[in-house]
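Worksheet: the structure to be examined is printed underneath.
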Amino acid sequence: MRYLLYLGCVIPTKQYAYEVSLREVFPKFGVQLEEFNERCCGFPLKSINKKAWLYMGARVLARASELGLPILAPCNGCHVSLWETKHQMEEDPYLKSEILSYLKSEGLYKFDDVDIKHPVEVLHDIIGLEKIKEKVVRPLQGLKIASHPGCHLMRPTDIPRPEDNANPDKIDRILRALGAESYDYPDKGGCCGATMLPFSPDNAIKVGAQKILTMINAGFNAATTSCPYCMEMLDNKQDAAKTITGNMEVSLPVFYLTQLVGLAIGIEPSKLLINLNMSPVDEILAEVGVV
Amino acid sequence: MTTEVFTTRIVEELKNIIGVHKPEFCYQCAKCTSGCTANKVFSEYRPHEFVALANMGYVEEILKSGVIWACTECWKCGQYCPQEVAPVEVIIALKNLSIIKGYAPPKALVEMTKNVIEKGLIQDINQVMTKDFEFIDRDSLGLPPLEEPPQMDKHRNILSKFFGVVMK
């Protein structure tokens, strides 16, 4: 299993815990990650110029096509964006030839033969729950973890999505394989609010806070995501959420899924950059005896 | 008569950007608005109304209000629309059109666009503080440097053309 590690914008410039935990965990399951220094997939700028967004995505795919390997896109935004680029070009040959003309000027000719995977897919569909279970040495017993797939892991369903929009349960099953408890809850497929940040940070944070409260009300003592934007909203901005909503109960330990897999298979918390999680993760890990 | 011609033209312009989804199929069930993420915090943000207004030609009015930028692009409305209108795609097209018509997007998006043209990424490498008050970045973590991919000059030129309007 070899993939081009396409980190996008947010992971390699800020969300280091995701990159580091991914690089720690995946090789342990025999997944080889190749360096792939490509630039923005266009997702954050789709609202500025759709054609530019398609061109940017197609360029990333074309570079991967040259190297002849599938892409591993750990960011939900990149993952949906690259699939959508492929899909839209298939639907619209006229648009495709226009985008190809830009790529040709950069010496790139082909982009539609590249497969794009998300870590959740690799863990669940390719590595498989049995292999994960075999490696668990520190079961996450006592942790009731809410899965937050994030919008674009599930929608839109007219393009291949790792999670089922009506019944997203792959992350839950991975969590159970790690020894933790996980179950459905209201608004599981709800939004973290990240895309609203440039327009209105306060209201965006309110959306994230609401999602955290829903998880707490459903009886969870932790949560997990595998999207850098969702992590930023649900974990990094928890203190801000307390201030903005005036509700001190907006407090829940949040982990990257790759961090939880790492903890369960015995990797030291420091190697998974647990000290970058701003939510109260240390207490819960001590409580359940993981650290 | 002049107004009529004008409104038809702007609706056509909008539809060209939307692509496959057809706003004219909307029958105003408001399912989109009832599940909308942005509507939870902005009661004036109602996707079914934007679709209706756009169909009637009141495009400039929506653009002027600027509230379209509250959309989180969570795609719930697109998923649950019984008519496959995908209000989210209408909103994204409205955002695109607002740039073409010279309305300013949120400042942070202009900043991101600038960074993408210059560096290829929406933001610079950040120094992040850990819980132990230690500052870390790619270097201190020993992560591989973000080397420039090939043909970046050509890439930059193409991007500058696409995003010229925003940067003005």
Side-chain angles (χ1 to χ4, degrees), chain A residues 7-10 12-14 16 19-20 23 35 37-40 42 44-52 55-56 59 63 80 88 91-92 95 102 105-108 151-152 154-157 165 189-200 203-204 206-207 210 273 275-278 282, chain B residues 17 19-20 37-38 40-42 66 69-76 78-79 86 88 91-93 95-96 99 105-109 112-113 115-116 119-126 128 130-132 134 136-138 141 143-144 146-152 154-155 158-159 162-163 165-166:
Chain A
L7 294 164
C9 296
V10 187
T13 55
K14 201 173 181 192
Y16 303 122
E19 179 177 350
V20 167
R23 287 182 189 271
E35 298 306 317
N37 271 319
E38 255 314 316
R39 292 313 195 230
C40 181
L45 304 182
K46 183 182 177 184
S47 59
I48 303 278
N49 188 328
K50 268 172 82 176
K51 219 169 258 177
Y55 154 69
M56 289 161 84
R59 183 178 189 275
R63 290 260 299 125
V80 78
Q88 291 216 4
E91 302 256 295
D92 191 340
L95 192 62
Y102 292 116
S105 71
E106 295 178 64
L108 299 164
C151 302
H152 300 121
M154 310 157 55
R155 293 182 293 269
T157 50
N165 184 54
C191 179
C192 70
T195 314
M196 202 193 284
L197 276 178
F199 178 67
S200 170
N203 286 295
K206 274 185 205 161
V207 172
Q210 195 50 52
L273 294 190
N275 63 353
L276 276 187
N277 300 37
M278 291 297 137
D282 300 321
Chain B
I17 306 174
V20 291
T37 304
K40 286 184 201 165
V41 284
F42 286 101
W69 294 99
C71 174
T72 65
E73 295 172 27
C74 72
W75 247 89
K76 280 186 179 174
Q79 201 59 50
V88 56
I91 308 287
I92 290 172
K95 288 174 174 175
N96 275 211
I99 306 280
K107 273 203 189 98
L109 276 171
M112 285 182 198
T113 311
N115 284 334
V116 163
K119 300 157 195 127
L121 303 173
I122 57 167
Q123 60 191 22
D124 261 329
I125 294 176
N126 278 261
V128 183
T130 68
K131 273 187 175 161
D132 315 313
E134 204 188 330
I136 56 167
D137 58 17
R138 295 192 71 78
L141 290 167
L143 291 169
L146 299 179
E147 276 159 19
E148 273 213 350
Q151 305 283 3
M152 271 304 276
K154 282 184 183 148
H155 183 49
I158 297 171
L159 289 177
F162 273 127
F163 293 124
V165 194
V166 200

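Per chain, numbering begins at 1; letters A, B, ... match sequence-line order.
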If I measure from the heavy atoms of chain A, does [X] come under 4.5 Å with its side chain, its backbone, both, or neither?
| X | value |
| --- | --- |
| B:Ala38 | both |
| B:Lys76 | both |
| B:Ile122 | both |
| B:Ile91 | neither |
| B:Val165 | neither |
| B:Asn115 | neither |

Practice task
Look at the side chain of A:Glu38 and the backbone N and O of B:Pro149, then say whether any donor-acceptor pair between them is shorter than 3.5 Å.
Solution key: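 Absent.
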Handout entry: N/O donor-acceptor pair under 3.5 Å between A:Lys50 side chain and B:Ile17 backbone
Key =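 Yes; judged by distance alone, with no hydrogens or angles, the pair exists.
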In Å and rounded to the nearest 0.5 Å, what is the [atom1] to [atom2] distance from [X] to [Y]?
| X | Y | atom1 | atom2 | answer |
| --- | --- | --- | --- | --- |
| A:His152 | B:Cys74 | NE2 | SG | 7.0 Å |
| B:Leu146 | A:Glu35 | CG | CD | 9.5 Å |
| A:Thr13 | B:Leu121 | OG1 | CG | 6.5 Å |
| B:Ile92 | A:Lys46 | CD1 | NZ | 4.0 Å |
| A:Tyr16 | B:Leu143 | OH | CG | 8.0 Å |
| B:Lys40 | A:Cys191 | NZ | SG | 8.0 Å |

What residue, out of [options], has the most heavy-atom pairs lying under 4.5 Å from chain A?
| options | value |
| --- | --- |
| B:Gln151, B:Lys107, B:Met112 | B:Gln151 |
| B:Val166, B:Val88, B:Asp137, B:Ile158 | B:Ile158 |
| B:Val128, B:Asp132, B:Asn126 | B:Asn126 |
| B:Ala70, B:Ala108, B:Gly78 | B:Ala70 |
| B:Lys119, B:Lys95, B:Arg138 | B:Arg138 |
| B:Pro105, B:Pro150, B:Cys71 | B:Pro150 |

Problem - B:Trp75 vs A:Cys151 side-chain heavy atoms within contact, under 4.5 Å - result: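 B:Trp75 vs A:Cys151: side chains apart.
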Heavy-atom proximity to chain B below 4.5 Å, by part of [X]:
| X | result |
| --- | --- |
| A:Asp92 | neither |
| A:Glu91 | side chain |
| A:Val80 | neither |
| A:Leu108 | neither |
| A:Ser200 | side chain |

Most contacts with chain B, counted as non-hydrogen pairs under 4.5 angstrom, among [options]:
| options | result |
| --- | --- |
| A:Arg59, A:Lys14, A:Met56, A:Glu19 | A:Arg59 |
| A:Ile48, A:Leu45, A:Leu273 | A:Ile48 |
| A:Leu7, A:Asp282, A:Val207, A:Thr195 | A:Thr195 |
| A:Arg63, A:Arg155, A:Met196 | A:Arg155 |
| A:Lys206, A:Arg23, A:Met154 | A:Arg23 |
| A:Pro198, A:Ser47, A:Ala204, A:Pro44 | A:Ser47 |

Exercise for the section: Would you name the heavy atoms of B:Phe163 and A:Ala52 that are closest together and state the gap between them? Expected result: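 Minimum heavy-atom separation between B:Phe163 and A:Ala52: CZ-CB, 3.5 Å.
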Exercise for the section: For A:Arg39 and B:His155, run side chain to side chain donor-acceptor pair (under 3.5 Å): C-alpha distance rounded to whole Å, both residues' side-chain angles, the deciding distance at 0.1 Å, then the answer. Expected result: CA-CA 10 Å; A:Arg39 292 313 195 230; B:His155 183 49; over 6 Å; no
Handout entry: Trace of the side chain to side chain contact (heavy atoms under 4.5 Å, CB included) decision for B:Ile136 with A:Leu276
Key = CA-CA 10 Å; B:Ile136 56 167; A:Leu276 276 187; 3.7 Å; yes
Handout entry: CA sep, side-chain torsions, deciding dist, call: A:Tyr55, B:Leu159, side chain to side chain contact (heavy atoms under 4.5 Å, CB included)
Key = CA-CA 9 Å; A:Tyr55 154 69; B:Leu159 289 177; 3.9 Å; yes
